[in-house]
Enquirer: 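Pasting a structure below so you can have a look.
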Amino acid sequence: MTPFSFRLLRKDPATKARLGLMKTAHGLVQTPAFMPVGTQGTVKGLLPETVRGLGAQMILANTYHLYLRPGHRLIEDMGGLHRFMNWPGPILTDSGGFQVHSLAGLRKISEEGVLFQSHIDGSRHVLTPEKAVEIQESLGSDIMMCFDECTPYPADHDYARKSMERTLRWAKRCRDARKTGRGALFGIIQGGMYPDLREKSVEETVKTGFDGYALGGLSVGETKEDMLRVVEIAEPLLPDDRPRYVMGVGMPEDILACVTRGIDLFDCVLPTRTARNGMLFTNSGKLVIRHAQYRNDEGPVDGDCDCYTCRHYSRAYLRHLFMAGEILALVLNTIHNVRYYMRFMETLRAAIRSGEMAGFQEDFKKKRGNGDRVHDREPL
RNA sequence: GGAGGGGUUCCCGAGUGGCCAAAGGGAGCAGACUGUAAAUCUGCCGGCGCAGCCUACGGAGGUUCGAAUCCUCCCCCCUCCA
């Protein structure tokens, strides 16, 4: 009854990269795909039609934040999140599991759920698996995420195991809590950096049965090596016919590395947040627009880029706007970065379609120095 | 002409005998950012041969063991009176 399906269209002959098509209640998503993050019901700084125009197929919104403000009931009364925010396309909602991690100082975990103290006004709220599903259904989410605990890093084996097992129990509760059947539901695999825990988490989560599977608890401070190791452990155990989503990843090279390891879906605040902080992605690495060297640079941010910002504005002007604290700087930077990511994903899909993923990977490595197993904090 | 206030490191501005290369802003220069408590956060911000030295608080001189801080003269700015 869920208007959700995933079709695997093609597998790359040389790598594990997959080309797929996801069908949701609000439209199609070609995978591998990257979702810009719109936590509070907006991709910060951009009009929805701009987001769409940049090539975004699906965006991510957040259960915890929208529950606190303005409240999921209000959004439901206003016709659901799609209508409320004027985004007609697919929306995936994160469950609040990440806030268990990012707001660690403001919450308390129990078997029942998580007691949060609002970062907005200090009021207390309990998020349970059932509540998280209820909120997401009420928002009208196309893909809901199970309520989990994004395991901190580092975590010892004992903690990671307990956390993972609890997430497993919560996953079952989430599955059983669905009422409308309109949104798809993805399970989330945890287990820290421990192979045995990750394996168990995948097996049990798959056994529970979801429309798609996500790897959580990554890009929380671990090394790239650890991150990819976890992907390599989990991926072979995941069913071929369901989308695989690595949550919170990441830098373009991380996405590439995950795609060649069989991952279909990504989200990350990096393109939008760093844009607002003055960092721009380019084919030759990162560009910090406030740097003095761009003071009178007439060139575009990235000569290879087809975005509105690169077609119309010089680095000098963008630097000026940023240094002057102008809102337009944030908008233009965000347009560029989101377009950079979207085009990157388009290129990846094209490479898989034509069976040239391996070659693409090589070119990317050459261009970046070492595109795959990069060190931490490598420039792009 | 008279009375008062003031001149501090790129800018604003605190400091009124030693704890002062001098608070705090700003500007500037870098770094970070990975299921967004983020248009945020962090660092640097006189020079050098750098556990020390040199140059610096309008200028010149003086008092003092020691002066951005006290005294004298000079220059400049502001306010009020004539």
Side-chain angles (χ1 to χ4, degrees), chain A residues 34-46 58-66 68-69 92-107 116-122 132 136 141 143-151 153 167 186 188-190 212 214-224 227 245-255 257-258 265-281 286 288-295 319 321-334 337 341 374 376-380:
Chain A
F34 178 87
M35 299 176 280
V37 176
T39 303
Q40 308 209 64
T42 167
V43 176
K44 293 182 195 298
L46 300 184
M58 176 160 62
I59 60 169
L60 178 147
N62 184 278
T63 298
Y64 174 78
H65 288 281
L66 292 174
L68 279 187
R69 183 171 57 191
L92 180 148
T93 45
D94 185 29
S95 60
F98 185 70
Q99 279 61 48
V100 179
H101 171 259
S102 64
L103 301 178
L106 294 169
R107 60 46 175 178
F116 283 98
Q117 188 157 12
S118 164
H119 63 283
I120 300 166
D121 63 6
Q136 294 182 81
S141 173
I143 300 177
M144 308 183 287
M145 298 304 299
C146 282
F147 188 53
D148 66 330
E149 180 196 359
C150 179
T151 307
Y153 178 87
T167 289
F186 281 21
I188 304 177
I189 285 126
Q190 291 290 345
L215 295 179
L218 296 176
S219 55
V220 288
E222 78 283 6
T223 63
K224 309 269 185 196
M227 194 262 286
Y245 165 28
V246 171
M247 306 183 80
V249 168
M251 295 294 277
E253 67 265 20
D254 302 337
I255 292 173
C258 288
L265 190 58
F266 304 88
D267 80 278
C268 189
V269 304
L270 227 34
T272 44
R273 178 187 289 169
T274 59
R276 296 192 305 279
N277 293 337
M279 195 194 97
L280 300 165
F281 290 87
K286 66 182 181 184
V288 179
I289 198 62
R290 63 173 201 273
H291 283 184
Q293 59 178 299
Y294 305 123
R295 186 189 297 276
R319 177 176 193 274
L321 290 182
F322 191 81
M323 298 308 270
E326 284 292 339
I327 295 170
L328 187 58
L330 314 183
V331 174
L332 292 175
N333 288 352
T334 304
N337 275 357
Y341 265 67
V374 290
D376 284 324
R377 307 290 173 254
E378 272 288 303
L380 194 63

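Convention: sequence-line order gives letters A, B, ...; per-chain numbering from 1.
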Enquirer: Can you tell me if the side-chain N/O atoms of A:Lys286 get under 4.0 Å from OP1 or OP2 in B:A32?
Expert: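 Checking A:Lys286 against B:A32: at least one side-chain N or O falls below 4.0 Å of OP1 or OP2.
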Enquirer: Write down the distance separating the P atoms in B:G4 and B:C10, rounded off to the nearest Å.
Expert: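 Each nucleotide's P atom is 32 Å from the other's.
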Enquirer: Just by distance, do the side chain of A:Gln190 and the backbone of A:Ile188 share a donor-acceptor pair under 3.5 Å?
Expert: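 Checked: no pair found.
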Enquirer: Determine whether A:Val331 and A:Ile327 satisfy the following criterion, side-chain contact (heavy atoms from CB on, under 4.5 Å), listing intermediate values before the conclusion.
Expert: CA-CA 7 Å; A:Val331 174; A:Ile327 295 170; 4.3 Å; yes
Enquirer: Report the residues that fulfil side chain to side chain donor-acceptor pair (under 3.5 Å) with A:Thr93, sequence neighbours left out, ordered by chain and then residue number.
Expert: A:Gln136, A:Ser141
Enquirer: What nucleic acid atoms does A:Arg69 come within less than 4.0 Å of, heavy atoms only: base, sugar-phosphate, or nothing?
Expert: nothing
Enquirer: Say we look at B:C44 and B:U34: how far apart would their P atoms be, to the nearest angstrom?
Expert: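 The answer is 22 Å between these two P atoms.
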Enquirer: When rounded to the nearest Å, what value does the distance between C1' atoms of B:C54 and B:U9 take?
Expert: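 Looking at atom C1' only, B:C54 and B:U9 are 16 Å apart.
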Enquirer: Both distances under 3.5 Å, Watson-Crick or G-U wobble: report the partner of B:G18, or none.
Expert: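 Check on B:G18: paired to B:C65, both distances under 3.5 Å.
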Enquirer: Just call it for A:Met35: base, sugar-phosphate, or nothing, with non-hydrogen atoms closer than 4.0 Å on any strand.
Expert: nothing
Enquirer: With a 4.5 Å limit on heavy-atom distance, are the side chains of A:Phe266 and A:Asp254 in contact?
Expert: no
Enquirer: What residue among A:Ile143, A:Ile189, A:Leu215, A:Leu92 forms side-chain contact (heavy atoms from CB on, under 4.5 Å) with A:Tyr245?
Expert: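 Among A:Ile143, A:Ile189, A:Leu215, A:Leu92, the one meeting side-chain contact (heavy atoms from CB on, under 4.5 Å) with A:Tyr245 is A:Leu92.
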Enquirer: Categorize A:Arg319 for me: base, sugar-phosphate, or nothing, with a 4.0 angstrom heavy-atom threshold over every strand shown.
Expert: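 Counting heavy atoms under 4.0 Å across all strands, the contact made by A:Arg319 is with sugar-phosphate only.
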Enquirer: Who pairs with A:Ile120 by side-chain contact (heavy atoms from CB on, under 4.5 Å), at least two apart in sequence or on another chain?
Expert: A:Leu68, A:Arg69, A:Ser118
Enquirer: Write down the distance separating the P atoms in B:G5 and B:G15, rounded off to the nearest Å.
Expert: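 Pairwise P distance, B:G5 against B:G15, rounds to 16 Å.
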Enquirer: Looking at CG of A:Asp148 and NE2 of A:His101, how far apart are the two atoms once the value is rounded to the nearest 0.5 Å?
Expert: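 Result: 11.0 Å between the selected atoms.
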Enquirer: Provide the distance between the two P atoms, one in B:A56 and one in B:C73, to the nearest whole Å.
Expert: 25 Å
Enquirer: Identify the nucleotide, in any strand shown, that forms a Watson-Crick or G-U wobble pair with B:G52, with both distances under 3.5 Å; if there is none, say none.
Expert: B:C48
Enquirer: Taking the C1' atom in each of B:A39 and B:C19, what is the distance between them to the nearest angstrom?
Expert: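 Straight-line distance between the two C1' atoms is 40 Å.
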Enquirer: When rounded to the nearest Å, what value does the distance between P atoms of B:C70 and B:A14 take?
Expert: 16 Å
Enquirer: Across nucleotides 35-44 of chain B, 5' to 3', mark each nucleotide with B, S or - according to how protein heavy atoms within less than 4.0 Å reach it.
Expert: BBBBBB----
Enquirer: Expressed in whole Å, how much space separates the C1' atoms belonging to B:G46 and B:C57?
Expert: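 About 13 Å, rounded to a whole number of Å.
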Enquirer: Distance check needed: B:C33 P versus A:Tyr341 OH, whole Å only.
Expert: 11 Å
